[in-house]
Amino acid sequence: QVQLVESGGGLVQAGGSLRLSCAASGRTFSSYNMCWFRQAPGKEREFVAARSWSGGSTYYADSVKGRFTISRDNAKNTVYLQMNSLKPEDTAVYYCAARTHSTVVAVSRGYDYWGQGTQVTVSS
């Protein structure tokens with residue numbers, strides 16, 4: 001079992017920055033592909049960014065490319081999402097997720113463990 005706990009959400013003005021963290025329990029964190037999804041009110045959960053278990057590959061949704069950066073520190077069992085140049089349309093609950101399979105996918109059903117989510121609100 002893996003437990004994921006997100007933190008770092010909050011209220012920020014458009015153009016601002018936030019860094020989300022996701023701390024994982026368990027000794028096999030380094031073998032998981034890690035991902036961030038988000039869900040806005042009334043919308044489906046959508047892929048934001050992913051980083052492979054080795055850290056060598058990263059993937060981003062087109063809507064956040066160039067503004068968001070996903071990173072991981074396997075020694076700290078933590079994955080991060082640095083969000084810059086935030087826009088009101090980035091407002092959502094952000095979830096981190098872990099996938100035990102060796103490949104990275106951008107669909108929520110491919111992930112085995114989920115955090116409880118952290119709210120990000122961007123005001124205009």
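Hydrogens, waters and symmetry mates play no part in the numbers below; they use all other heavy atoms, side chains included. Note that this is a predicted model, so its numbers are computed, not measured.
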| note | Across all chains, not counting sequence neighbours, the salt bridge (charged side-chain N to carboxylate O under 4.0 Å, His left out) partners of Lys43 are none
| field | Closest contact, heavy atoms only, Val93 versus Gln119 | value | CG2-OE1, 3.2 Å
Using a 3.5 Å cut-off and no angle test, enumerate the donor-acceptor pairs between side-chain atoms of residues 81-89 and protein atoms at least two apart in sequence or in another chain.
unit_1	atom_1	unit_2	atom_2	d
Gln82	NE2	Asn84	OD1	2.9
Asn84	OD1	Ser17	OG	2.9

| Checking Arg67 against Tyr60: charged group under 6.0 Å from the ring centre and within 45 degrees of the axis? | no
| Measuring from His101:NE2 to Ser31:OG, what's the distance to the nearest 0.5 Å? | 12.5 Å
| request: Write down the atom of Ala98, the atom of Leu4, and the distance for their closest heavy-atom approach. | output: N-CD1, 3.8 Å
| message | Looking at Ser52 and Ser57, would you say the former's side chain and the latter's main chain have a donor-acceptor pair under 3.5 Å? | response | yes
| said: Checking the side chain of Thr118 only, and the main-chain atoms of Tyr94 only, is there a donor and an acceptor separated by less than 3.5 Å? | reply: no
| Sidechain-backbone polar pair: Glu6 side chain, Gln116 backbone, donor-acceptor under 3.5 Å | yes
| Test side chain to side chain contact (heavy atoms under 4.5 Å, CB included) applied to Asp112 and Tyr32, step by step | CA-CA 10 Å; Asp112 304 290; Tyr32 298 145; over 6 Å; no
| task | Answer yes or no for Cys96 and Cys22: SG-SG distance under 2.5 Å. | result | yes
| Minimum-distance pair of heavy atoms, taken over all atoms of Leu20 and Gly9 | CD2-N, 3.6 Å
| request: Determine, using the 4.5 Å side-chain heavy-atom cutoff (strictly less than), whether Val120 and Val64 are members of one ILVMFWY cluster. | output: yes
| Should Val104 and Val107 be regarded as members of a common hydrophobic cluster, given that ILVMFWY residues are connected when their side-chain heavy atoms come within less than 4.5 Å of each other, either directly or indirectly? | yes
| said: Looking only at the side chains, is there a donor atom on one of Arg99 and Thr103 sitting less than 3.5 Å from an acceptor on the other? | reply: yes
| Heavy-atom closest pair, residues Arg51 and Ile70 | NH1-O, 2.9 Å
| field | Hphob cluster co-occupancy, Phe68 + Tyr59, side-chain heavy atoms under 4.5 angstrom | value | no
| request: Spell out, yes or no, whether Val122 and Leu18 are grouped together once hydrophobic residues are joined by side-chain heavy atoms under 4.5 Å, including indirect joins. | output: yes
| Distance from Asn74 atom CG to Lys76 atom NZ, nearest 0.5 Å? | 12.0 Å
| query | At their closest point, which heavy atom of Phe29 faces which heavy atom of Ala24, and how far apart are they? | reply | CD1-CB, 3.4 Å
| task | Specify the closest pair of heavy atoms between Tyr95 and Gly115, including all atoms of both residues, with the distance to one decimal. | result | CD2-O, 3.6 Å
| field | Summary of ring pair (Phe, Tyr, Trp, His ring centres under 6.0 Å) pairs that have at least one residue in residues 103-122, sequence neighbours excluded | value | Phe37-Tyr111, Phe37-Trp114
| field | Identified side chain to side chain contact (heavy atoms under 4.5 Å, CB included) partner of Arg72 from the options Thr78, Val79, Thr58 | value | Val79
| request: Report the distance from atom OG of Ser108 to atom CD of Glu46, rounding to the nearest 0.5 Å. | output: 11.0 Å
